[in-house]
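Worksheet: the structure to be examined is printed underneath.
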Amino acid sequence: MAGYEFSRSPRKVPLVSTRHRSIQTPIPAPGTEQILAELDRYESRSMHGQFPLIWERAQDYSVYDIAGNRWVDFTSTIFVANVGHSNPRVTAAMQQTMEQPIYSCYAYPNRKRAEYLQRLIEFAGKPFEKAFLLSAGTEATEAALKLMRMHGQKAGKRRRGIICIEGNWHGRTMGAQMLSSNLAQREWIGFQDANIHHIPFPYPWALKGATPEEFLAAGLKKLEAAGIDLEQDICGFMLETFQGWGAVFYPKAFVQAIEKLCRQHGILLAFDEMQAGFGRTGKRFGFQHYGVTPDLIACGKGMGGGVPLSGVIGRAEIMDLPDIGNMSSTHSANPMVCAAGLAVIDELESRNLVEETARKGELLFKGLNELKQRFPDRIGELLGQGLIAAVLFRSSANGQADGPFTSLVAERCMQKGLLVVHTGRESIKIGPPLTISDEALLEGVAVMGEAIAEIIAEGNA
Ligand SMILES: Cc1ncc(COP(=O)(O)O)c(C=O)c1O
C-alpha cells in the first residue's frame with residue numbers, strides 16, 4: 001500500500017511451528033525477490049505494495065508460499081474466500097461445467113444460470129426478485145447507479161441525483177469513483193458529475209453530541225442550501241454497508257432515517273454489499289443489521305468464492321428498466337462462475353456459516369477487546385461485526401492515528417505466520433474465511449498481541 005514499503009530482502013525471523021502456522025525460512029522466503037522483480041518489470045505499479053510473499057497455494061484458512069511456509073489468513077483475499085480458499089464444493093462444481101464442457105455462453109440461455117439465479121433470489125429473500133450478474137464489484141455498483149437513474153428519470157427527467165456518503169468507496173471505474181468521495185483517486189477524471197452529492201459519514205467521533213437523525217439533517221441541509229430538492233432532483237441513496245477501511249458501521253437510526261426519507265420522496269435505497277454480503281457480518285447481508293429494506297444491493301467478492309462473480313439484486317420493477325441488450329456483459333454469468341456461486345450458497349447454508357460467523361465474531365471481538373485492554377494507549381477503536389473487524393492504532397505520545405506503527409504491526413504479523421489486511425492507514429482489518437476454526441482464529445489474535453508487544457518493546461515506533 002502507498003506510504004509504507006515492506007522489506008523485500010530475506011530476513012532471519014524466529015521459526016514458527018504450530019497446528020496452523022509454519023515459518024521455516026527467512027521471510028520473505030528465498031526466491032520471492034526474483035518473482036517480485038518480474039512483477040515490477042511487467043505489471044502496472046498500481047497492483048503492487050502488498051506483503052512480499054508469493055501466494056503459491058491457498059486452502060480453507062491457510063495460505064502457503066513458494067517455500068511451503070504457512071500463514072493463518074485473516075484477509076480472505078480481501079473478503080472473497082468466505083467459504084474458505086479453494087473450497088472443494090466450489091472446485092467440484094466448476095469442474096463439472098468444464099467436463100460438460102461449457103466455459104462461456106454470454107447472454108445465450110443456460111441451465112446453470114437459471115438454476116443459480118433462482119437460488120440467489122431465494123437466498124437474498126424478500127423484496128428481491130431479479131438479479132443481473134457481472135464480473136467485478138465496480139461493475140455492480142455502476143449498474144446500481146444506472147438503475148437508480150433510470151428509475152428516477154422515469155419519474156421526472158430532472159431526477160438524476162444520487163446521494164452518497166463521504167469516505168465511502170465503491171470501486172475504480174469512472175462512475176464508481178464518482179460515487180466514492182476519494183478526491184485523489186478521482187482526480188484523473190477531471191470533473192465531478194454534478195448530480196452525485198456527498199454528505200458526511202456519522203463516525204462515532206464526528207457526532208459530537210448530535211443524534212444520528214440530527215447529523216443526517218445537517219448534511220442534507222447543505223444540499224438544500226445548494227438548491228437540491230429531494231423530491232425533484234434525487235433518485236437514489238447509495239450506502240456502503242459499512243465504511244471499508246475501518247469497518248465503520250452507521251448508527252442504526254441514521255440508516256433508518258435515510259430509509260424513511262427514501263420512502264417519503266420516492267427515492268431508491270441501494271447498499272454496496274461488496275464486503276458485507278454473503279455472511280461476512282454474521283447475517284446474510286450487512287444491511288440486515290439496520291432493520292431496513294433496500295431496493296437494490298450490489299454484491300461481489302464472497303459471492304463467487306474466488307471466481308469473478310458480482311451482481312445487482314433488486315425488485316423486478318427496477319431490474320427490468322433497461323431494454324433488451326442495454327444491460328449485459330460478455331462474461332456475465334458464464335456457467336462456470338454460476339456453478340461456483342451456487343456452490344457458495346450451498347456451502348453457506350449447509351454448514352450454517354452465517355450463524356457460525358455471528359458466533360465466531362463474538363469470540364474474535366472478545367479476544368480483540370482483551371488486546372485493547374492490554375494496549376490501551378495503542379489501540380483506539382475496535383470496529384466491526386461478525387468476522388469483519390478493524391483495529392485502529394494510535395500514537396502513545398499524542399493519541400493521534402498512527403499509520404506507521406500499524407504498518408509495522410502488520411508486517412510483524414506476516415513474519416510470524418499471520419496475514420492481516422494492511423490498509424495503509426491506521427487500521428488493520430481482519431476478515432478470515434468464515435470457515436476458520438475457533439482455535440486458529442484465537443491463535444491469530446494472540447499472534448497480533450505478540451506483534452504489538454514486540455514493536456512496542458523495540459521502541460522504534
Ligand atoms: C465496498 C466496495 N465496493 C466496491 C468494490 C469494488 O469491487 P471490485 O474490486 O471487485 O471491482 C470494493 C472492492 O474492494 C469494495 O470494497
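Both ligands and their constituent atoms are indexed starting at 1 by order of listing. For reference, positions follow the sequence shown, starting with 1. Values below: all heavy atoms of this structure, side chains included; hydrogens, waters and symmetry mates excluded. Here the structure is a predicted model, which is why all the values come from computation and not from measurement.
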| message | Tell me the protein heavy atom at minimum distance from atom 16 (O) of ligand 1, and give that distance in Å. | response | Q275 NE2, 2.9 Å

| message | Checking contacts here: is it the side chain or the backbone of E139 that comes within 4.0 Å of ligand 1, counting heavy atoms only? Could be both or neither. | response | neither

| Between H170 and ligand 1, which residue portion shows a heavy-atom distance shorter than 4.0 Å: side chain, backbone, both, or neither? | backbone

| Proximity to ligand 1 by part of W169, non-hydrogen separation under 4.0 Å | both

| note | Looking only at protein heavy atoms, what sits closest to atom 3 (N) of ligand 1 is D272 OD2, 2.7 Å

| task | Identify, by atom number and element, the atoms of ligand 1 in contact range of E240, meaning under 4.0 Å from any of its heavy atoms. | result | 1 (C)

| query | Does the N or O separation between M274 and ligand 1 drop below 3.5 Å for any pair? | reply | no

| task | Tell me which protein heavy atom sits closest to atom 14 (O) of ligand 1, plus the residue, atom name and distance to 0.1 Å. | result | K301 NZ, 2.9 Å

| said: Would R172 count as being in polar contact with ligand 1, using the rule that some N or O on each side must be under 3.5 angstrom apart? | reply: no

| Among all protein non-hydrogen atoms, which one is nearest to atom 8 (P) of ligand 1, and what is the separation to 0.1 Å? | G137 N, 3.4 Å

| query | Could you walk me through whether D402 and R378 pass the salt bridge (charged side-chain N to carboxylate O under 4.0 Å, His left out) check? | reply | CA-CA 9 Å; D402 194 343; R378 279 303 192 171; 2.9 Å; yes

| Passing option when W71 is tested against H20, M414, R21 for side-chain contact (heavy atoms from CB on, under 4.5 Å) | M414

| Presence of salt bridge, R119 and E349, under 4.0 angstrom | yes

| message | Taking R113's backbone N and O only, do any of them form a donor-acceptor pair with N110's side chain (distance below 3.5 Å, no angle check)? | response | yes

| task | Report the residue from V344, D346, L342 that forms a side-chain contact (heavy atoms from CB on, under 4.5 Å) with V90. | result | V344

| query | Out of Y203, F242, F271, F201, which one pairs with Y250 under the ring pair (Phe, Tyr, Trp, His ring centres under 6.0 Å) rule? | reply | F201

| query | Counting only heavy atoms not in H265, do more than 12 fall under 6.0 Å of its NE2? | reply | yes

| request: In plain terms, say whether E115 and K112 are close enough for a salt bridge, that is, a side-chain N and a carboxylate O under 4.0 Å apart. | output: yes

| remark: Honestly, for T138 the part within reach of ligand 1 (heavy atoms, under 4.0 Å) is both

| task | Just jot down the ligand 1 atoms closer than 4.0 angstrom to any heavy atom of G171, in number order. | result | 4 (C), 6 (C)

